[in-house]
4 protein chains.
Amino acid sequence: MTENKKVKVAVCGASGYTGRELLLRLLRHPGAEVTGLAHGPSSEDCSMPDLFPEFKNLCELPVLGVDALVEKRPDAVFLALPHGAAAPIAKELLAKGLKVIDFSADYRLKDPAVYEKWYKVEHCDRDNLKKAVYGLCEWYREDIKKASLVAVPGCYVTSALIPLIPLLRDKVISPDDIIIDSKSGISGAGKKLTPQVHYCESAESFKAYGMFKHRHTPEIDQELSFAAGSDVSVTFTPHLLPIIRGILSTIYVRLRPGKSKEDLKASWEKAYKNEFFMRLRPEGTSVEIRHIVNTNFCDMSFTASGDRVIITSALDNLVKGASGAALQNFNIMFGFPEQYGLI
Amino acid sequence: MTENKKVKVAVCGASGYTGRELLLRLLRHPGAEVTGLAHGPSSEDCSMPDLFPEFKNLCELPVLGVDALVEKRPDAVFLALPHGAAAPIAKELLAKGLKVIDFSADYRLKDPAVYEKWYKVEHCDRDNLKKAVYGLCEWYREDIKKASLVAVPGCYVTSALIPLIPLLRDKVISPDDIIIDSKSGISGAGKKLTPQVHYCESAESFKAYGMFKHRHTPEIDQELSFAAGSDVSVTFTPHLLPIIRGILSTIYVRLRPGKSKEDLKASWEKAYKNEFFMRLRPEGTSVEIRHIVNTNFCDMSFTASGDRVIITSALDNLVKGASGAALQNFNIMFGFPEQYGLI
Amino acid sequence: MTENKKVKVAVCGASGYTGRELLLRLLRHPGAEVTGLAHGPSSEDCSMPDLFPEFKNLCELPVLGVDALVEKRPDAVFLALPHGAAAPIAKELLAKGLKVIDFSADYRLKDPAVYEKWYKVEHCDRDNLKKAVYGLCEWYREDIKKASLVAVPGCYVTSALIPLIPLLRDKVISPDDIIIDSKSGISGAGKKLTPQVHYCESAESFKAYGMFKHRHTPEIDQELSFAAGSDVSVTFTPHLLPIIRGILSTIYVRLRPGKSKEDLKASWEKAYKNEFFMRLRPEGTSVEIRHIVNTNFCDMSFTASGDRVIITSALDNLVKGASGAALQNFNIMFGFPEQYGLI
Amino acid sequence: MTENKKVKVAVCGASGYTGRELLLRLLRHPGAEVTGLAHGPSSEDCSMPDLFPEFKNLCELPVLGVDALVEKRPDAVFLALPHGAAAPIAKELLAKGLKVIDFSADYRLKDPAVYEKWYKVEHCDRDNLKKAVYGLCEWYREDIKKASLVAVPGCYVTSALIPLIPLLRDKVISPDDIIIDSKSGISGAGKKLTPQVHYCESAESFKAYGMFKHRHTPEIDQELSFAAGSDVSVTFTPHLLPIIRGILSTIYVRLRPGKSKEDLKASWEKAYKNEFFMRLRPEGTSVEIRHIVNTNFCDMSFTASGDRVIITSALDNLVKGASGAALQNFNIMFGFPEQYGLI
């Protein structure tokens with residue numbers, strides 16, 4: 001692919017941790033060219049090294065308002081903005097014929113009433129919501145190829161869906177009483193300064209938060225219900241790990257009567273044996289965050305005793321949980337090998 | 001209490017992390033005098049600052065063989081030795097009429113067959129095992145007062161028992177299907193050099209381990225079965241947190257039919273409202289490791305939704321999970337206020 | 001000492017990290033009774049567990065305005081307030097006949113012009129400044145005994161003064177060209193939320209700051225000049241370590257012509273061999289932060305090659321660098337053993 | 001460059017941290033193909049994911065003995081072995097006509113007597129030592145182009161040489177009394193299990209080590225002496241930072257009489273303004289490890305006051321301090337753009 005045929009991409013919301021990670025990977029992508037960077041509605045013009053000094057010499061593009069970005073006629077725009085802020089901009093970009101890959105929750109939940117209940121804002125773009133594709137690449141690849149709007153799944157959500165979708169589709173595990181005990185690095189809380197992200201409050205500590213209230217819960221339930229063909233309602237508990245990045249979820253499920261751990265293994269292998277970014281780890285071991293940090297891999301393993309199964313899954317919240325998944329979606333949309341920019 | 005009436009104590013196994021923590025607290029104890037320190041059977045004579053330079057000026061006692069320690073005629077001996085190494089020495093000390101507070105698993109499991117199955121060693125002191133008191137101070141205080149041998153509970157175990165014992169005794173929660181997802185700091189793995197304790201392998205990482213196999217499982221089951229009055233068999237998953245010390249357990253239980261979260265709260269309050277080291281945190285919040293590090297407190301809280309309850313509990317694995325509990329037992333055995341040395 | 005003879009103390013500025021550390025130690029002090037806690041001028045009334053949940057059951061006193069605190073008639077007040085905020089309150093308390101131990105920089109610099117140049121605020125209490133004693137216990141003990149106002153030295157400052165004062169007084173090292181390369185844990189930056197204290201910006205990172213500009217520089221120069229009997233002007237570079245607490249200073253000096261490393265050792269031994277909190281570590285080794293964390297010790301060691309000497313010193317910035325030093329001063333002022341509350 | 005024209009490379013010593021980092025970058029390199037991996041002389045055959053599970057799906061090559069690797073006829077071999085172990089293998093590979101890029105100290109010091117004094121082993125390949133090129137890319141690029149054997153500089157060494165070489169060549173600073181206070185992450189100590197790498201001994205701590213004795217000292221002196229045209233002998237103090245990777249050096253120098261900070265700035269700009277991997281940071285600020293972690297950049301900045309100058313420099317010890325520098329050398333040797341594999 002010659003230089004002048006590169007796909008032109010823009011990033012809106014380059015000032016956050018996911019914008020940073022996305023840009024680092026786009027710079028390695030042999031088929032994409034970053035033509036514009038934009039900030040959110042309330043920020044000021046600057047340059048990438050102003051926001052992140054590590055981009056000096058690497059990418060010194062200006063970070064401007066969204067309008068300036070559209071003028072550059074990108075083929076695709078990545079929106080790394082908070083929920084609520086993304087939809088109005090996505091709507092405008094889609095109207096101009098651009099492809100949009102959205103990191104926020106604005107297009108993830110199919111039912112706008114569920115969105116409005118959990119996110120406490122009105123949904124301003126119900127038309128596009130209907131057309132949005134849920135960007136879980138390993139399960140919606142064919143839809144993503146044709147999509148003009150992709151909603152990148154939530155980070156915790158992906159760590160739960162990847163191991164559970166095949167097991168529910170293949171009726172290996174019971175859809176009742178699924179417990180997802182997840183632990184995330186602090187970058188999951190974003191750059192915003194809150195007491196809990198102070199080094200002296202988070203280092204050498206650990207806590208749960210958002211019990212029964214975390215906004216990723218309805219998203220997990222939606223996708224697991226699709227997989228199970230019946231209503232699924234999980235118990236999900238997020239925790240804050242004293243590390244910069246990475247998520248590990250410990251998931252408690254039960255085999256259905258008549259099902260064995262061999263069925264579980266077969267279900268995973270059928271789903272993932274040809275998926276580059278999915279790695280099945282040996283039975284009886286735990287996955288580890290250090291094996292997936294800075295990568296787009298999702299590792300998973302299980303241990304069974306009777307009908308009780310403990311699953312562990314791990315991914316990097318900023319990569320497979322956000323920017324890497326976004327880039328993988330982009331690669332599918334534009335016909336690139338899925339690993340481009342992700343190795 | 002005048003100086004010459006101080007209780008004479010010795011510590012055997014001063015070279016490990018729990019020995020270190022115990023000694024720091026004994027030095028603050030107004031009624032105890034450390035008269036001897038001993039190492040394990042295979043180590044060499046040295047002094048406390050040789051093992052831990054931080055004891056310079058604080059405690060420069062020699063660390064000798066067990067025999068030398070007995071010659072000093074202590075009133076009580078703390079045994080901070082590995083399982084298997086503790087029982088032979090405890091047996092000898094008890095035969096000499098000394099009181100023994102044992103940190104190991106050797107006297108925790110009432111049934112020696114269970115001990116031998118999980119620990120893969122023969123139990124060499126079944127006689128004393130029958131007399132040993134399980135040192136969970138808040139529940140066995142009266143027995144501890146009269147005990148000559150106390151088995152200090154395991155660290156993970158205490159984090160599970162403290163919130164669950166009252167709820168099972170009071171029949172507030174179902175004894176079936178209790179899931180204990182525990183996370184411990186790295187000091188729990190001891191000073192031994194293994195790849196997993198290398199800074200570069202553990203910092204910025206996280207993993208589960210020992211699924212269905214951790215030796216604290218039968219100990220949890222034993223004590224919860226006593227509390228419930230029926231066989232309890234929990235699902236327990238330990239994890240390794242990238243912090244030096246502290247345990248947080250996230251525990252998933254169900255209210256029994258007809259029971260409400262008010263019953264749960266009442267059960268905890270009845271059990272712990274007069275217990276100095278037990279702290280009930282507000283409903284709907286999580287406990288945090290930073291609040292209990294370096295203390296003998298055990299914090300707990302719960303969040304309920306329908307009959308599903310998520311409990312979090314936290315304690316310092318080296319204090320309430322080992323040395324602090326040992327000292328609290330000592331205080332009970334010798335009639336001191338329980339906080340002595342522990343504030 | 002019976003309960004009703006305890007010295008009554010109050011702490012003003014209990015909401016910061018140094019206030020927290022001070023209170024933890026006061027609770028262990030057998031001769032002091034905390035009768036009141038106060039917040040800074042712009043904060044609201046609350047209780048200690050509101051500020052620090054770890055104080056539940058330990059100390060649940062209200063935290064009120066300064067006026068309420070004075071009504072309780074304390075014998076001494078610890079002021080853990082920012083510079084500029086401390087002097088007006090100290091002035092008022094001194095006028096009422098209370099003894100004041102001030103953590104801020106307001107009474108450290110003898111020359112108010114130097115204070116005003118470096119701190120950019122006018123000094124509002126020059127009268128008391130003249131009477132203030134510099135609270136470096138090991139060197140001003142006799143003055144502290146009689147003082148009604150003590151200025152607790154800066155944390156970095158203490159790590160520099162302790163090893164250097166004897167060497168300059170005894171003319172062992174050259175007063176020229178002293179380089180102090182200091183590294184401090186993040187609690188040194190306080191609880192204030194700034195980008196640099198965000199876990200994701202500070203963990204796994206390291207940087208220098210304030211080159212030639214840090215406000216501890218004139219304080220180091222003042223005290224070293226007193227010791228040398230001539231003007232000393234050091235090069236001081238602070239750095240931010242990704243740890244919660246602790247300072248290590250690496251100090252580069254030169255032996256004077258005719259002086260040897262034996263003279264250096266003799267100078268240190270003469271100064272510190274009877275000082276409980278001063279620990280000389282073996283020549284040729286480095287001190288380590290882990291040996292002094294949570295203690296009031298200051299460790300020091302040196303390595304020499306020709307006339308070039310590399311000194312390392314370490315202390316806990318929140319203890320010997322602030323609250324522990326304050327309590328040691330208090331013990332001296334009120335005739336208690338210096339270790340009270342500090343072991 | 002088409003696939004069948006890729007340069008064939010092999011890595012010997014793939015089991016260490018630098019081997020791991022090198023391989024990750026080689027997998028991204030568009031012009032290189034990894035044809036073989038070898039372990040050190042005393043290890044056993046295995047596969048890359050056996051050593052580092054993170055390579056599953058990425059690189060599953062076997063890791064064999066050196067002989068097996070030579071059979072594959074690579075164009076170049078990277079030797080990531082300890083000093084002493086590298087030279088015998090390099091000698092053999094060079095005799096077979098292969099190009100060798102050596103990570104060890106075996107070919108860095110021009111004078112074998114100096115090598116033998118500091119490393120306490122006899123040098124077994126003095127012939128090739130004479131031909132070896134010191135792989136500091138920014139200063140020896142022309143020699144590297146023609147080299148068959150490159151010695152990759154030490155990690156601390158590079159952090160010192162990069163800022164100092166131009167200033168000594170241009171006679172901006174005095175060659176006397178240069179102090180280099182360096183701080184390195186724990187990966188610098190390698191994978192070997194020693195007490196100091198235990199998480200509980202290194203996290204939340206900090207220390208200096210090897211004062212006047214670190215083996216990088218003669219290497220710094222050699223290269224600075226070349227630059228100055230006269231003998232230079234620095235004072236170098238390494239420290240152990242509680243982070244996985246990264247080095248920051250704080251360097252104390254003096255401007256020569258008549259020289260100003262503008263001369264310093266001009267010297268750096270002349271040397272580095274066209275060097276992609278060299279980044280001059282604003283005067284008066286400090287460089288930060290987080291800006292260079294995982295990259296091949298070396299950042300530097302200075303602050304001056306009178307003739308005293310404080311320089312900070314930072315690089316990733318595993319990248320620009322080892323594997324990245326090795327790959328940059330490879331790119332120069334084989335005519336690739338220097339950034340290949342390094343972005």
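The sequence lines fix the lettering, A, B, ..., with proteins before strands; numbering per chain opens at 1.
Proximity to chain B at a heavy-atom threshold of 4.5 Å picks out I244(A), R245(A), L248(A), T250(A), Y252(A), R254(A) from residues 244-262 of chain A, in numerical order.
Listed options L240(A), T303(A), I289(A), D181(A) were ranked by heavy-atom pairs under 4.5 angstrom with chain B; first place goes to D181(A). With chain B as partner, the option from V293(A), T237(A), V287(A) having the largest number of non-hydrogen pairs under 4.5 angstrom is T237(A). Ranked by heavy-atom pairs under 4.5 Å with chain A, the first of K213(B), E204(B), K207(B) is E204(B). When the candidates G210(A), A314(A), A304(A) are compared by the number of heavy-atom contacts under 4.5 Å with chain B, A304(A) comes out ahead.
Annotation: the span from S305(B) atom OG to M211(A) atom CE amounts to 12.0 Å, rounded to 0.5 Å. Here T235(B) contributes atom OG1 and I310(A) contributes atom CD1; the two are 6.0 Å apart, rounded to the nearest 0.5 Å. With values rounded to the nearest 0.5 angstrom, R308(B) atom CZ is found 10.5 Å from S233(A) atom OG. Interatomic distance, S184(B) OG to F206(A) CZ, rounded to the nearest 0.5 Å: 11.0 Å. Rounding to the nearest 0.5 angstrom, the gap separating the CZ atom in R290(B) from the OG atom in S202(A) is 8.5 Å.
Heavy atoms of A203(A) lying under 4.5 Å from chain B are absent altogether. Looking at T312(A), the atoms closer than 4.5 Å to chain B (heavy atoms on both sides) all sit in the side chain, from C-beta outward. Heavy atoms of H239(A) lying under 4.5 Å from chain B belong exclusively to its side chain. Only the backbone of T285(A) comes within less than 4.5 Å of a heavy atom in chain B; its side chain stays farther off.
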